[in-house]
Every structure is written in structure tokens, then in C-alpha cells.
Amino acid sequence: MKFSTISVLTLLFSLLSVNLFAQTIQLERQYPTVTKNGVSSVIGFGSGLNSPQISTVDFNRDGQQDLFVFDRVGNTPMAFRKNLSGNWRLDQKLLAGFPEINNWAVIRDYDGDDIPDIFTFNQLPASGIRVYKGRYSNDNLLEFDSLTFSGDTRMLLFTVPGGGTSQIFVSNIDLPDINDVDCDGDLDVVTFNISGGQIEFYRNRSVELGHGRDSLLFQLADNCFGGIFESGISEVLDLAETQGECASDFGPGDFENRHVGSTLLTLDEDGDGDKDLILGDLSFGNLNMSTNGGDCESIWMNEQEPFFPSYDTSVDLPLFPAAFHLDIDADGIRDLIAAPNTAANGMDFNNVWFYRNTGTDANPTFRLQQEDFLVGDMIDLGSRAKPALLDYNADGLMDLVVGNFTFFKLVGLRDSRLHLYENTGTATSPAFTLVDDDFLSMTQFSLDLPPGAGALDFAPTFGDLDGDGDMDALIGEGTGRLFYFENTAGPGALVSFGPGQFGYMNIDIGASAAPQIVDLNRDELPDLVVGEKGGAFRYFQNVGTAEEPFFNEDFTVAPNVPFLGDVDGRIIGQSTGHSIPFILDFGDRYELFMGTEHGTLEHYNNIDGNLNGDFNIISENIFTHPEGNFLHPAFYDWDNDGFLEVVVGNERGGVSYYSTNIALDGTVNTDNLLPEMALSIYPNPATDQVTISLSDEVEGEVAFQLISSQGQLLRQQVLGVGTAQIDVTDLPSGIYFLRFRSNGIQRTEKLIIQ
């Protein structure tokens, strides 16, 4: 994105002239086999998990319970279903009808129609709960409609004393519980009060008022649910000594700001027919189970188990664990999942604990089975995976080297490293096997050092820097400097790297160096393009020789370029962008793909002969679905079909693999695109209504979809020749995509709503 030299208004109008590359690029998720420790997985490229919220969902109405996983890190939804072998497999196509979700998601069937509904965070105009009612399409795929309540608001409301309504408050940090707490058949809400410390219970009065389960009509029934007070300074809760009282060691003004985040789950843990409570807190790694000594109507938590389950292995997930009650193994009995709920700096490996219920559904006993459910089958390097290309054994099959920011460590310690995945497949069918989890011994620079002293955030690249025909290694790191490893193997041989040299050429770009070795000025000398935390690219021109390269460390001195192409990975209002370069050489021209902190993969051309000018932006984002944040791409034709594939690392430490329709010469296969003149869209930008006009060049009906910038389906209908009006008055300002499909051809256009 470029906005440093133009106004926001100019930027908006410039977007209208962009020939959106997403309308021609097609990305199809693929799943090459990944093997670790002798075990092969079909979800190795499942894109990683950091803070997953897991629910069971029947996505396609086949009677089988699948898994909906929403990861708070990057607001990324994922759909898993079992294959014929009984293994979980990622299938993102099942999410085509899902809305955009932020911060948290609870899947429940509130109206008893056996179709899942979504309760999620509502940010504007106030923090609360938004509800999407589920339905199945004609193709038996889940779709959702946003519910509106009194005053045409999309927030879940409750009736205040004396009349009127207000929103049920839920912060963007917390995870509320939505369950039938009072045992009357409809769903209630349990959430922390806006000041924290005490929990509020909102009773759904749908059944009492004679509506059955089809309504969401709430009143605040208790502002001190169960008599609990949570201080946030101890794993132990304060419990009321007498039923009907409210525990508190503090006066009303003293517990303001003590509550910094909690997760809630109600379930009948002791088999007595009423709901108990599992609570997680941002300050601790344990789950606290408090037992209801009252009943469904009069809830009183009079006992607690601070390190649940103490009869087995207690949950220990620093920091901010959440619990989820669902049937994982399809035995008809609900199990327990514990996972972090933090959006940053939480446990990012061995972080999905699966407890099988060895008791009954009514009286459970949870036994720990594994600490890496789903995530253990994936390429997952903790946080911020950074893939790079290297045929390390010179067998003609391109391998992957993946760096990371760090695996989770307490008290400022670091565990940054490189993983080497050898391509053990064939020339037409890649497969990857982990052969080294500390490639180049990079942990010598990150582990076993005083807190804050170790290096982190390793971004690898490989190229022939010294003109001897083999691939040398350059590793960017968090302080903005570079590690250099010389490969002395020679061409066509297994790599043999010498000792690492830190501070290569004294280059220091400030923070989060992400280099690429590329002869950008085509003088047959390898140059450096380095992304950085601020979102720019620094260009260092090689002013040495092929055998003895030299780079002036001052990126502001010509022929270096401090802001290459005037490309900027930031978005408006943000001070950082974390730009990641991948420059493709198509022979007659270079083209740049830039991964960013904000979850976009941007595309630029007009590079050759224009290193001091502005590059031309082709697409703000080639993804039309949420892939996560801190994207790090690497392109290669792994299956030798003449078209590139792209692997993309993300903030969750995972890697995804996509096929594309980008040919090796840079052309894009556009045989299946709707003709340019077949449709027109106006006005654009729009405020309340968009008109779509289809000419008679279109044969047959056209399936139309309106998609958010996060890839969520918002509208869909079938269009014919002529004009149709689409109402967008309920959509917030931003960038959207209009997708059209007809008889195997398609086209996507960008729409701006002001």
C-alpha cells in the first residue's frame, strides 16, 4: 500500500483505477503431505493455531459433526472435517457462507432448529454481542443472516429496569459463556461486568414469555453470578459464604481496572443437574472450576478447584486459557479442550489440550490425551512462520526452510530457529519431511542467553552472494541486522555452511529485517532488498564484484534506495507494516509480492529501470479470504505444471500452500474470466446502493456474491441480463469484493463503501 505521499481521498480514488489482480489470480489451497518424527499428516499446511476457539458444527448437513475453529490471532476461521481415514482435514470451502468474525465466536443453536448459529463480538457502536442465524443453502452448506433487535441494532440487548434497552456488554478480550444456565430450555448469557471482578447473568425469557426457543429476550438477573468475585491477582476466587451474597474483598471503587480478561464456560461438572463454572484469567495459566452448591434457579458457587482438573493433569497454558465443552471423538460424550485465548504473547505450541471424557456426558471425568490436538499435525513454529526456498541436497526438488519469530518463552527468553523440510516427494507431487529442527544451529544465537539478549525473528533467504555457484544464507533478525553463512559446497552439492557471521556488512535497518537476494538492477551482481518493521523496503545495491560483494551500510546513500518503489506495508492509522518481499523474475521484468503485518499479500510491477521511482500497484491483496497476519510468501513451481505455487507463513506460526494460475513467464491464465465489457458496477464508491448491469454478452444466469475484505460472504443471489440493485446501507465503510460466476467463468471486482 502506498499512502505516504498522497491524501486519503486520492488513495480511495486511485483504488478505483486498479485492475484488481484478484479478479485474475486464482488461489486454490493444496495439502502436500508433511511428515514429522515419522508420522505423516494431511494438514501439515493447515496454517497453524495460536489461540483457537473450537466448536462442533455440521457444515454440510451430512449428519457428521465437523470442527469450526476460530483463531483470535489474525481473526482467522478454519473448517475441519474427517476424511475416510478418520483424520481431520482442513476444508476452507465450507466457510463460504460464514460472516466476518472478530475476537471471539461461540457456536450455539439458540432456536432449536438443529442449525448452528453464531454469537460473536460486536464492536460498533458499542462492545457487545452480535448474532448470526444459521441456515442451509440449496447445496446444503451453512449460511448466516445477521439478526437485528430493538431499534434496528445488531447488538444483543437486555431490558433495563423501568423500560428501555441496553447492550449486553462483552469486551473484545473476554470470552463469554452462552448456555442454558437456568435449565429452562433457552440460552442465557454469562459475562463479566464492564468494571470487572463480578460476573453478570443475563436470563433469556423467551420460554417464560411463551415464545419457545425462537427469541432472544434478556434481562439482567444477577450482577454477581454465583456470588463470585475475581480479583485477578490470585488463582483463587473469592466465594460468598452464604447463598445470595456477593463475595468481595474490595469496595465498589477498588476493583475497577483489576479485571484484564477472563474466559467463562458453564457445564454440569459434578452431575447434579445444575451448571458449574470453569474460569480462565489473563494473569494465570490455570483453569478454576467452581462448583454450584445451589441449583438452576439459585446459583451459588461454594467450592472451587483452582487447578482443574486436579484429579488428572491440570491445565497449564500461560497465559489466559479458555475451556471448550464439545464431543471431539464422536462417541456421543462431550470432552474438554483447553487453549490460550490471548491475541498475542501466549503459549503458541503444545497449546491445544484435549481431555477425553471417560465418564458420562451428565457426569464427566476429563483425562488428558494430548497437548497438541490438530496443531501437532501441522507445520507450526510458534509465532510468525517465515518460509524460504533452498534445494539443500541438490536433488532437483525444492525444499523449504522456515524461520520463526520465537516459540513461547517466559520472562523475555527466546527460542527462534530455522526448520528444514526436505521435499521427499516427486517432481510432480511434492511432499515435505522435517529433517532438521535447528537448521544452521540458529538456537546458539537465541537460546540459553540472558532474558532479552537472545536474537529472534529469523527471516531466511538464500542466493549466490560470492559468485561460486552455490546458495549462501542470509538471515534477517529482529534488531534489523543480518546473519551471513557462506556455502562452501560448490554447485550441485549438498550444502555446507560455514560459521554464522552476525552483522553482515554492518547493515542495520532498525527492526525486523526480512531480506531477499536479487539482482534488481540487472548488472549480474546480487543486490539486497530488505523489508522492515516500518513497512518500507530498503534497497542495497552491490557495488563490489561477483566474487567479493560490497554493500554500503547506509541505505540512504545512492545507489541505495531508502524507500524502494515508495511501497509501504502500513495501513492508514498504523505505524508499523512489517513488509516482506518476494520478487519474481519473469525474464523480461520483475514483479513484487509483499506480505504485510496486516494480513495482505500485495502485488506490484513497473520495477525494471525504475528503482528510484514509484512501483505500480496491481492488487492491494490477492487473498479474498482471511489468511491471518504477518504474511510471508515464497513462490515456486513445485509440481512442474508450468504454474507457480505459493507457500505463505503467518502470525500463528503455520504455513499454507496454494496453487496459482500464474505461469512461469508471468502471464496469468484468464481463459475463465468474465469478459471485461460484460458488466458494469456503479456508483463506486457507494454509500447506500450499488447497481450491477449485465450485458447480453453473458450467456445464462450469473451467480453473484458480495464478500468482505476478510473473505466472508455477506450477500449472494442469481443475476440475469439487465440491472440489479444491491442494498449496502447496513455495511460499514471499507473495501469489499464483488464476485461473479457463470458457466465456469468468473470475475471479481473491488467495491468501496463510504
Mutual orientation of the aromatic rings belonging to F497 and F485 [parallel < 30°, tilted 30-60°, perpendicular > 60°]: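 Aromatic pair F497/F485 classed perpendicular.
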Aromatic ring pairing W638/Y636, orientation class (parallel under 30°, perpendicular over 60°, tilted between):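 Plane angle over 60°, so perpendicular.
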Pair F551-N560, side-chain contact (heavy atoms from CB on, under 4.5 Å): steps then yes or no: CA-CA 9 Å; F551 303 97; N560 294 343; 5.9 Å; no
D472 (side chain) donor-acceptor with L465 (main chain) under 3.5 angstrom: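 Present.
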Backbone of T424 reached by a side-chain donor or acceptor of E422 within 3.5 Å: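 Between the backbone of T424 and the side chain of E422 there is no qualifying donor-acceptor contact (under 3.5 Å).
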Sequence neighbours excluded, every pair satisfying salt bridge (Lys or Arg N to Asp or Glu O under 4.0 Å) that has a member inside residues 372-383: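 Listed once each, the pairs would be none.
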Salt bridge (Lys or Arg N to Asp or Glu O under 4.0 Å) partners of residues 642-665, not counting sequence neighbours, each pair once: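 Sorted result for residues 642-665: empty, none.
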Donor on one side chain, acceptor on other, N605 and N616, under 3.5 Å: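 On atom types as modelled, these side chains qualify, holding a pair under 3.5 Å.
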Any donor-acceptor N or O pair under 3.5 Å, side chains T576, E597: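 Yes, a side-chain donor-acceptor pair sits under 3.5 Å.
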Atom pairs and distances, side-chain donor-acceptor, residues 505-512, under 3.5 Å, sequence neighbours left out:
residue: D508; atom: OD1; partner: G510; partner atom: N; Å: 2.9
residue: S512; atom: OG; partner: D457; partner atom: OD2; Å: 3.2
residue: S512; atom: OG; partner: H578; partner atom: NE2; Å: 3.4

Test log, rule side-chain contact (heavy atoms from CB on, under 4.5 Å), inputs L418 and V402: CA-CA 5 Å; L418 303 180; V402 187; over 6 Å; no
Contact summary for P633 and I580, nearest pair of heavy atoms: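 Shortest heavy-atom separation between P633 and I580 comes out as CD-CG2, 3.9 Å.
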Residues which pass side-chain hydrogen bond (donor to acceptor under 3.5 Å, both in side chains) with D438, listed by chain and number, not counting sequence neighbours: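 Applying side-chain hydrogen bond (donor to acceptor under 3.5 Å, both in side chains) to D438 gives T443.
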Set of side chain to side chain contact (heavy atoms under 4.5 Å, CB included) partners for L456, sequence neighbours left out: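 If we apply the side chain to side chain contact (heavy atoms under 4.5 Å, CB included) test to L456, skipping adjacent residues, the hits are F405, R414, S416.
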Pairs involving residues 527-538, ordered by first then second residue, that meet side-chain hydrogen bond (donor to acceptor under 3.5 Å, both in side chains) (sequence neighbours left out):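 Every pair satisfying side-chain hydrogen bond (donor to acceptor under 3.5 Å, both in side chains) with a residue in residues 527-538: D527-Y539.
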M347 and F349: CA distance, side-chain angles, deciding distance, side-chain contact (heavy atoms from CB on, under 4.5 Å) verdict: CA-CA 6 Å; M347 176 63 76; F349 67 99; 3.9 Å; yes
